[in-house]
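Note that the structure is a prediction, hence the values are computed from the model and not measured. Values reported hereafter were calculated over all heavy atoms of this structure, with side chains retained and with hydrogens, waters and symmetry mates removed.
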Amino acid sequence: PQTLFLAGWVAVVFFSNLFHGNIADATEKFVIYGKFALVFLLFLYVIDSEERFKGVAVTLTALSTILAVQGIYQTINGIGWAGQTLGWLGRIRWVGLWDGPDVLSLLFVIAIPFVMEFLVGPFPWPYRILATVSAPLLLTGLFLGASRGAWISLFGVVLFYSARRLGRAGILVGLLVVAALIVVAPSRLSQLDVHADSDNARSSRYRISMWAEAQEMLRYNPLFGIGKGQFVAYTHKLIAHNTFLEHMGETGLIGLFFSVGLVYLSFKSLAVVRALGGAGALHSWEQAMSASVVSPDALVTRISREPS
């Protein structure tokens, strides 16, 4: 089902621009998202065993940790390994798909559930060493990225994972961990007053304004939206900074159906694994993947974020 929904999503990306006569943009976006779809299919057919999935999980954790180290280097030196400068308000970033502080921070959040599972799951000591090294570095990366959305996502991941792991007691444990995380979170997380005269307040106001713009896009273009990748051209300011609303405004109700459907089908597939029951690594992977997908739009962001 995911393959069909992904094909539908790529088709909507194409037609959302073609519908408005933007043939050049339709072709460009089709090529970009077609490449993402091919990567998805590559993973789908190559990762066909638990051992291969284990390799992917370890690679994801290791590479995310390396990017966190890169962020520390960038903060100290003012420039990153790829020559990129610090982002807005001195926040760390990478290049390509992860060229902004928010999307880079989301990558760290996606890796966190695997780190937690390596620590408490049925894995040998090399995995625990990797997790022990990765955990503080990923949290440091999140701190330096200072993405409010990513930290809120992290809180949700921790609560979901704890509840899945420990049941009702896990909710209390998760709340205690979240409370501890709030203490060490960037001060930007608490700067949510949209009426204040500060960069963070203006950012919040602009984002709320962009959400209203997304609703306007849907109102006048309900089926295919204004066209994938046209958000900034429409608002002349910012993107939505919210994947759900961005898809809604750019690809309309049809695009929203396929993008939300991809997330739903991911949970449904993981539920099948959970229904198999049993303990051991398979159950452990299911818990880590479920928590990873809980990160808001984690799956959808991977297939919707374009490199600058």
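- With sequence neighbours excluded, no residue forms a ring pair (Phe, Tyr, Trp, His ring centres under 6.0 Å) with F155.
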Sequence neighbours left out, cut at 3.5 Å: what donor-acceptor pairs do the side chains of residues 137-145 make with other protein atoms?
unit_1 : atom_1 : unit_2 : atom_2 : d
T140   : OG1    : P136   : O      : 2.7

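- A donor atom on one side chain and an acceptor atom on the other are found under 3.5 Å apart for Q230 and N17.
- No side-chain donor-acceptor contact under 3.5 Å links R91 to the backbone of L86.
- Although no hydrogens or angles enter the test, the distance criterion places no donor-acceptor pair under 3.5 Å between the side chain of Q84 and the main chain of V95.
- The aromatic rings of Y73 and W81 are tilted relative to each other, their planes meeting at an angle between 30° and 60°.
- Between Y33 and F14, the ring center distance fails the sub-6.0 Å criterion.
- Judged purely by atom type and a 3.5 angstrom limit, S16 uses its side chain to pair as donor or acceptor with the backbone of V13.
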Check the pair F5, F257 against ring-ring contact (aromatic ring centres under 6.0 Å, His included), reporting the backbone distance first and the verdict last. CA-CA 9 Å; F5 266 70; F257 169 76; 5.3 Å; yes
Stepwise side chain to side chain donor-acceptor pair (under 3.5 Å) test for S105 and S147: CA-CA 7 Å; S105 295; S147 169; 4.7 Å; no
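- Within the 3.5 Å criterion, the main-chain N or O of G170 finds no donor-acceptor partner in the side chain of R165.
- Taking the six-membered ring for Trp and thresholds of 30 and 60 degrees, Y127 and F118 have ring planes inclined between 30 and 60 degrees apart.
- Between the R128 side chain and the L119 main chain, a donor and an acceptor come within less than 3.5 Å of each other.
- Within the 4.5 Å cutoff, the side chain of Q70 has heavy atoms near those of the W94 side chain.
- In this structure F224 satisfies the ring pair (Phe, Tyr, Trp, His ring centres under 6.0 Å) test together with F19, sequence neighbours excluded.
- A donor-acceptor pair under 3.5 Å is absent between the side-chain atoms of E250 and the main chain of G225, judged by distance alone.
- Residues satisfying the ring pair (Phe, Tyr, Trp, His ring centres under 6.0 Å) test with F15, not counting sequence neighbours, are none.
- Under the side chain to side chain donor-acceptor pair (under 3.5 Å) criterion, S64 pairs with no residue at all, not counting sequence neighbours.
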Which pairs of donor and acceptor atoms, one on a side chain in residues 215-223, lie under 3.5 Å apart (sequence neighbours left out)?
unit_1 : atom_1 : unit_2 : atom_2 : d
E216   : OE2    : Y234   : OH     : 2.5
N221   : ND2    : M217   : O      : 3.3

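- Surrounding CG of L42 are more than 12 heavy atoms belonging to other residues, nucleotides or ligands, all under 6.0 Å away.
- The distance from the CG atom of L265 to the OG1 atom of T3 is 10.0 Å, given to the nearest 0.5 Å.
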